[in-house]
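In what follows, chains carry the letters A, B, and so on, assigned in the order in which the sequence lines appear, proteins first and then strands, with residues in each chain numbered from 1. None of the values given here were measured: they were computed from a predicted structure.
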Protein chains: 2
Amino acid sequence: MRASLYNPRPEETNLSDFKFFKHLTDAEIGKLNYDKTCQIYKKGSIVYREGSRLTGFYCVTRGILKIYKTGIDGKEQIIRFVKKGDIIAFRSLLSQELACTTAKVIDDAVLCQIPYPTLLFLLQNNWKFSHWMIQILCRELREANDYITDIAQKSVRERLAEVLILLRDNFDVDENDTLQISLTREELANMVGTATESVIRLLSEFKQDGLIDLKGRRITFIDEASIRKIANV
Amino acid sequence: MRASLYNPRPEETNLSDFKFFKHLTDAEIGKLNYDKTCQIYKKGSIVYREGSRLTGFYCVTRGILKIYKTGIDGKEQIIRFVKKGDIIAFRSLLSQELACTTAKVIDDAVLCQIPYPTLLFLLQNNWKFSHWMIQILCRELREANDYITDIAQKSVRERLAEVLILLRDNFDVDENDTLQISLTREELANMVGTATESVIRLLSEFKQDGLIDLKGRRITFIDEASIRKIANV
DNA sequence: ACAAAAACATAACAAAAGTCATTTTAACAT
DNA sequence: ATGTTAAAATGACTTTTGTTATGTTTTTGT
């Protein structure tokens, strides 16, 4: 077997697969591919840190990252998990603010960085693209508002169920309905916004009630419908 | 005295005062003023309702409105209060989604509606304006993320203190540091995301501790610094 | 494969917040 | 100005969630 199968040259990534770029012309995609810098990030590495100045945004080509803010006394609040096909860091970049979140790799990843001037050039010269960007931002803003209502009105139990559904809908499961993404209880807690022990207790309850099965860090869905009912989504 | 002092013709409003429009040319401001429809809204009236299709966005020229989502079993979650100089409804408009919030007047208001085609025309023809729009959206997205961290990690007591500070910083107070905006305890609770009784109890505590004074619906700041300390902002 | 470290699980308890019932007060329309 | 209605206040009680402590299991790195 050739070494490249194990160490794929990250430069080979083609950005035209990203929905984000669907309104760009071939020439513009070309520029993008020319200007990009791709890199492999090992699990645990930090792509950018809260408070840092960004020089570009990133396209996730492979792997999983968590995006989080550091709250009171250092407690992480996970804003979202991102995977292949997602774009990160463009908000802080476009508002010309320092990064307000940290991006940490939780599953070996390949990211392509696009420099800020390239983004600005594309936005300025392609109305379809900037209109699309505006639409994406507006949609994310709605999602954030939805999330605020959720987190403010739902119990921890409901929010945990909701996070499980979110993971189920956005990440891979195997043939037994086992989530392939591996998160610690603490990370789940930081997503839900609660104490680690509460997550442990509630997951145990869900298991006792026959809704899920737990094998170490692996979570298997047994009665997804009931979890959806608890989550109220 | 002339009647117009009591019933100002809302058409007289000039939109060039809005920071939102700061990158428009005089001709564009002219178009805006030409296309706008201004209207007086009495306290209690609804400007648009969650789920409705919007035909334009609104500039708030006078008065106060609350923007809220309806959560589980009809409970309101107030997303924000808006006042003179604020713009509402442009997110749902630009993403071409149905309104995801309701806008209700809590202090007699004057709003100018700008039709969607006008907004689109300005965005498409003035790069400075659409860039400014992108920056505003990105900034609001950061604020939403900050708020999520807050609401997920802080106690009800801390969040109530934070809401008081937010009101203090964004709305008028008289010479005694009394908030001029008049909200019910229920509205405060819907902002904080808690039960009305909890707000009442905590406000009483704040009063007992000499941080605020309460006279009916009027809230007076006595020890603002301590409230900020509780809020952690 | 194995030891060390980290994560997980559980229980007992404390604190925070929600709910319900009742009385008091303030806001609003006439 | 005044009665009516809605909102606010208060207390007793329940439920939820957080905290601390301790033992067990799983990961992880070598």
- Message: For I78(A), is there any backbone N or O sitting under 3.5 Å from a side-chain donor or acceptor partner on K69(A)?
- Response: no

- Note on the structure: Sequence neighbours excluded, the answer for salt bridge (Lys or Arg N to Asp or Glu O under 4.0 Å) partners of E158(B) is none

- Calculate the interatomic distance between D107(A) atom CG and dT27(D) atom P; express it in whole Å. 14 Å

- With sequence neighbours excluded, tell me which residues meet side chain to side chain contact (heavy atoms under 4.5 Å, CB included) with A103(A). V47(A), Y48(A), L65(A), I67(A), I88(A)

- Message: Could you tell me how far apart E205(B) (CD) and dG11(D) (P) are, to the nearest whole angstrom?
- Response: 12 Å

- On DNA chain C, more 5' by nearest nucleotide between S198(B) and K43(B) is S198(B)

- Message: What's the angle between the local helix axes at either end of the helix from dA1(C)-dT30(D) to dT30(C)-dA1(D), using five pairs per end and rounding to 10 degrees?
- Response: 80°

- Message: Please tell me whether T184(B) and E186(B) have a donor and an acceptor in their side chains that are separated by less than 3.5 angstrom.
- Response: no

- Using a heavy-atom cut-off of under 4.0 Å over every strand shown, decide if R217(A) touches base, sugar-phosphate, or nothing. sugar-phosphate

- Of all residues at least two apart in sequence or in a different chain, which pass the side chain to side chain contact (heavy atoms under 4.5 Å, CB included) check with I46(A)? R49(A), Y68(A), T102(A), K104(A)

- Note on the structure: Residues at least two apart in sequence or cross-chain that pass side-chain hydrogen bond (donor to acceptor under 3.5 Å, both in side chains) with E205(A), listed by chain then number, are R157(A)

- Note on the structure: Atom CD of Q208(B) and atom C1' of dT10(D) are separated, to the nearest Å, by 12 Å

- Note on the structure: Sorted by chain and number, sequence neighbours left out, salt bridge (Lys or Arg N to Asp or Glu O under 4.0 Å) with E197(A) holds for none

- Query: Taking DNA chain C as the partner, which of residues 150-158 of chain B come within under 4.0 angstrom of it by heavy atom?
  - Reply: S155(B), V156(B)

- Query: F206(B) CZ to dA8(D) P: how many Å, rounded?
  - Reply: 17 Å

- Can you check side-chain contact (heavy atoms from CB on, under 4.5 Å) on V173(A) and T178(A), steps first, answer last? CA-CA 5 Å; V173(A) 291; T178(A) 301; over 6 Å; no

- Kindly compute the distance separating OG (S92(B)) from CG (L54(B)), expressed to the nearest 0.5 Å. 5.5 Å

- Query: CD1 of I200(A) versus P of dT26(D): gap in Å, rounded?
  - Reply: 13 Å

- Any salt bridge (charged side-chain N to carboxylate O under 4.0 Å, His left out) pairs touching residues 81-91 of chain B, not counting sequence neighbours? R91(B)-E140(B)

- Note on the structure: Given the options K42(A), R62(A), K43(A), D108(A) meets salt bridge (charged side-chain N to carboxylate O under 4.0 Å, His left out) only with K42(A)

- Note on the structure: chain B vs DNA chain C, heavy-atom contacts under 4.0 Å, first-to-last nucleotide span, 5' to 3', is dA17(C) to dC28(C)

- Query: Which ones in residues 179-197 of chain B lie close to DNA chain D, meaning a heavy atom under 4.0 Å from one of its atoms?
  - Reply: T184(B), R185(B), E186(B), E197(B)

- Go through the structure and list residues passing side chain to side chain contact (heavy atoms under 4.5 Å, CB included) with E224(A), not counting sequence neighbours. I165(A), R168(A), F221(A), R228(A)

- Message: Restricting to side chain to side chain contact (heavy atoms under 4.5 Å, CB included), what partner residues turn up for L98(A), sequence neighbours left out?
- Response: R53(A)

